[in-house]
Amino acid sequence: MKHLLDLKFIRSNQDKVKKAMADRHYDFDLDQLLVWDEQRRSLIAESEQLKNRRNTLSQEVGRLKAAKQDASELQEEVRGIGKRIKELDQELAELEQKLNNALLMIPNIPHETVPVGEDEEDNLVLRVEGEPPKFSFEPRPHWEIGEKLDILDFARGVKVAGARFTVLKGWGAKLERALVNFMLDLHTREHGYTEIFPPFLVNRATMTGTGQLPKFEEDLFLCQREDLFLVPTAEVPVTNLYSSEILAAEQLPIYHTAYTACFRAEAGAAGRDTRGLIRQHQFNKVELVKFTTPEDSYMELEKLTNDAEEVLQRLGLAYRVVSLCTGDLGFSAAKTYDLEVWLPAAGCYREISSCSNFEDFQARRANIRYRPEHGARPRFVHTLNGSGLAVGRTLAAILENYQQEDGSVVVPEVLRPYIGVDVISCET
RNA sequence: GGAGAGGUGGCCGAGUCCGGUUGAAGGCGCUCGACUCGAAAUCGAGUAAGGGGUGCUGAGCCCCUUCGUGGGUUCGAAUCCCACCCUCUCCGCCA
């Protein structure tokens with residue numbers, strides 16, 4: 001990894017960066033970083049000056065030797081210069097290590113349209129879509145419905161793996177698969193996305209590219225022997241598909257959709273959402289990922305969000321769209337819209353998709369660039385992604401929203417071609 | 001996992017044995033120009049990235065780094081030595 005982060009920007013926009021940190025309630029010693037930056041540049045200047053001299057003298061040595069003349073005095077001098085360069089470069093490498101580590105801990109700067117706020121209480125509800133269903137009975141939570149229908153098996157999930165692992169069975173497994181296929185078909189056939197099936201294990205560089213590392217290692221599952229991580233979202237492998245590449249302008253925008261299982265350690269979530277499918281160590285998700293020019297990224301964020309919303313609309317699920325405030329914004333995101341689906345049993349809206357514009361934050365880390373026109377200097381692309389949707393939570397929402405008094409569940413119309421039945425009941 | 005071969009610019013491909021204007025021949029592609037009514041062909045010119053400095057702030061200019069990655073030897077490394085990664089071929093193993 002080279003110098004992917006924009007020190008120049010930070011240097012010349014100190015106030016902006018400091019305000020962004022404050023709005024995020026993020027503690028960071030920017031002044032220390034700027035001191036290191038200063039030191040770095042002076043070391044570089046000194047070292048390069050010496051290198052220039054070494055190159056010149058070495059050539060001179062070559063000339064003398066070719067002419068059969070004595071060059072030992074010059075050689076002695078250059079040897080000294082070489083030693084000094086080595087010292088300086090070592091010092092520089094250590095400094096850059098510190099600098100780089102610090103830079104990787106700086107979160108993205110929120111977009112100007114992001115509401116400033118403390119926590120999720122301050123998120124801005126942009127719109128509410130669809131009607132929550134009315135029930136003539138007390139709606140049950142999805143885990144009760146699922147267990148009664150024998151399509152969700154929580155106990156055996158715990159037995160074979162542990163807490164927060166669940167087994168889908170029979171129509172439950174089929175419904176999950178139907179949802180994946182429905183979502184992929186919608187996005188590939190109607191929204192113009194190209195389907196990707198990526199690796200589920202990735203290396204450290206990849207995890208760093210999208211911002212999971214170095215700060216959030218405890219949230220990930222690690223295969224220690226190979227030093228590979230299980231992907232927490234398809235965003236990670238798919239965004240990094242083009243790392244260290246320079247794309248042609250004509251290639252943009254790139255739209256990718258990908259199904260993967262997602263693995264999250266859920267460290268720090270102990271005791272939260274312990275029942276049901278809402279918070280699992282492993283869940284399925286269909287992800288949407290975009291690579292765009294800086295000019296188009298916010299327009300593309302709106303479109304991407306609409307593409308995710310369309311899944312909920314076609315499934316006939318009520319939801320709302322929320323703009324996350326600065327205090328609730330993820331580390332890498334410049335702006336995020338959450339889609340929250342209506343869950344009747346809990347009587348509230350729960351996050352089912354998160355659609356973000358990362359601007360050039362991930363592109364810098366992963367070194368993803370494009371050439372605006374032939375011969376022009378490369379620029380960083382903007383990356384975006386969003387769930388379209390989290391499948392486990394969608395399944396939960398369907399069970400709850402489409403439940404009937406007898407415990408059966410009506411299959412949403414659009415899924416029937418995929419699953420072959422209209423209703424899931426004990427007799428099905 | 002074992003044996004062998006190899007990783008050079010957008011691509012192909014020399015150079016590596018015998019270290020010295022080689023940031024790198026040649027070709028292809030691409031861009032611009034000439035020719036043409038236009039095109040093809042042909043001819044001419046151009047065509048890496050990152051970093052530092054300067055600055056009328058991305059015009060220009062100067063410098064440094066980069067030939068898979070990281071070390072080492074040397075006055076000097078694409079070229080020599082070591083480690084690691086990756087690709088290909090054969091063998092083994094395997095869904």
Side-chain angles (χ1 to χ4, degrees), chain A residues 1-14 16 33-100 103 197 199-209 223 225-229 237 240-252 261 293-295 360 363-381:
Chain A
M1 208 167 325
K2 305 278 154 39
H3 315 293
L4 311 177
L5 296 134
D6 201 349
L7 270 167
K8 275 184 206 157
F9 175 85
I10 295 171
R11 205 182 299 145
S12 48
N13 294 277
Q14 298 175 31
K16 204 170 163 182
L33 187 117
L34 291 166
V35 170
W36 286 339
D37 171 44
E38 199 66 38
Q39 292 173 350
R40 169 176 174 266
R41 281 180 296 151
S42 98
L43 274 176
I44 286 173
E46 194 180 346
S47 163
E48 287 193 348
Q49 211 168 344
L50 289 173
K51 281 175 184 167
N52 182 224
R53 180 144 178 79
R54 178 179 66 184
N55 291 345
T56 313
L57 295 183
S58 288
Q59 271 177 34
E60 185 59 27
V61 169
R63 256 192 296 277
L64 288 173
K65 289 207 163 184
K68 302 279 187 215
Q69 289 181 318
D70 177 54
S72 51
E73 205 171 304
L74 264 184
Q75 289 183 31
E76 189 54 44
E77 184 183 349
V78 180
R79 196 174 330 206
I81 294 174
K83 272 181 84 175
R84 180 71 187 133
I85 289 174
K86 194 170 268 185
E87 285 168 19
L88 285 173
D89 280 353
Q90 178 143 12
E91 215 176 311
L92 185 63
E94 283 165 21
L95 188 60
E96 292 199 324
Q97 185 67 49
K98 282 198 286 189
L99 204 48
N100 223 344
L103 283 168
F197 191 81
F200 287 15
L201 289 169
V202 299
N203 58 33
R204 276 180 192 277
T206 298
M207 277 295 180
T208 306
C223 299
R225 219 157 27 123
E226 292 80 8
D227 206 36
L228 292 173
F229 294 89
N240 281 283
L241 238 34
Y242 304 106
S243 66
S244 298
E245 293 189 27
I246 299 175
L247 305 167
E250 309 85 72
Q251 288 179 263
L252 300 179
T293 62
E295 288 72 26
D360 65 6
R364 278 180 197 289
R365 291 177 157 240
N367 196 214
I368 308 167
R369 294 172 293 174
Y370 79 104
R371 207 180 291 282
E373 49 195 282
H374 186 270
R377 203 168 281 185
R379 297 171 77 194
F380 289 110
V381 301

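Naming convention: chains lettered A, B, ... in sequence-line order (proteins, then strands); numbering from 1 in each chain. For clarity, every value in this text was computed on a predicted model and none was experimentally measured.
Taking atom P on both B:A45 and B:G27, the two are 12 Å apart, rounded to the nearest angstrom. Atom C1' of B:G53 sits at a distance of 42 Å from the matching atom of B:C17, rounded to the whole Å. For the P atoms, the distance from B:C81 to B:U89 is 27 Å, rounded to whole Å.
The nearest heavy atom of RNA chain B to A:L74 and to A:R369 marks one nucleotide each, and the one closer to the 5' end goes with A:R369. Taking for each of A:E48 and A:Q75 the nucleotide of RNA chain B with the nearest heavy atom, the 5'-most of the two is the partner of A:E48.
Look at A:R63 and you won't find any side-chain N or O under 4.0 angstrom from OP1 or OP2 of B:C75. Under 4.0 angstrom from either OP1 or OP2 of B:G58 there lies no side-chain N or O belonging to A:K8. Within the structure, every side-chain polar atom (N or O) of A:K51 is placed at least 4.0 Å from both OP1 and OP2 of B:G51. For A:N55 and B:U65, the shortest distance from a side-chain N or O to OP1 or OP2 is below 4.0 Å. Contact check, A:R79 against B:C75: a side-chain N or O comes under 4.0 Å of OP1 or OP2. Taking 4.0 angstrom as the limit, A:N52 places a side-chain polar atom (N or O) nearer than this to OP1 or OP2 of B:C64. Contact annotation: A:R377 does not reach the phosphate of B:G58 (side-chain N/O to OP1 or OP2, under 4.0 Å).
Under the 4.5 Å side-chain criterion, counting only non-hydrogen atoms from C-beta, A:N203 is not in contact with A:F229.
In this structure, A:L92 and A:R40 approach most closely via the heavy-atom pair CD1-O, 3.7 Å.
The side chain of A:V61 has B:G20 as its nearest neighbour among B:G20, B:G52, B:G76. Taking the side chain of A:K86 as heavy atoms from C-beta on, and the options B:G52, B:U73, B:A49, the nearest nucleotide is B:U73. Counting only heavy atoms from C-beta on, A:S58 has its side chain closest to B:G20 among B:G52, B:U65, B:G20. Relative to the side chain of A:R40, the nucleotides B:G20, B:G50, B:G52 differ in distance, and B:G52 lies closest.
Between A:R84 and A:E87, at least one side-chain nitrogen of the basic residue sits less than 4.0 Å from a carboxylate oxygen of the acidic one, meeting the salt-bridge criterion.
With both pairing distances under 3.5 Å, B:G46 is matched to B:C30 as a Watson-Crick or G-U wobble pair. Using the Watson-Crick or G-U wobble rule with both distances under 3.5 Å, B:C56 pairs with nothing in any strand shown. Searching all strands for a Watson-Crick or G-U wobble partner of B:G6 with both distances below 3.5 Å returns B:C86.
When each of A:L95, A:L99, A:L34 is paired with A:Q39, the side-chain contact (heavy atoms from CB on, under 4.5 Å) condition holds for A:L95 and for no other.
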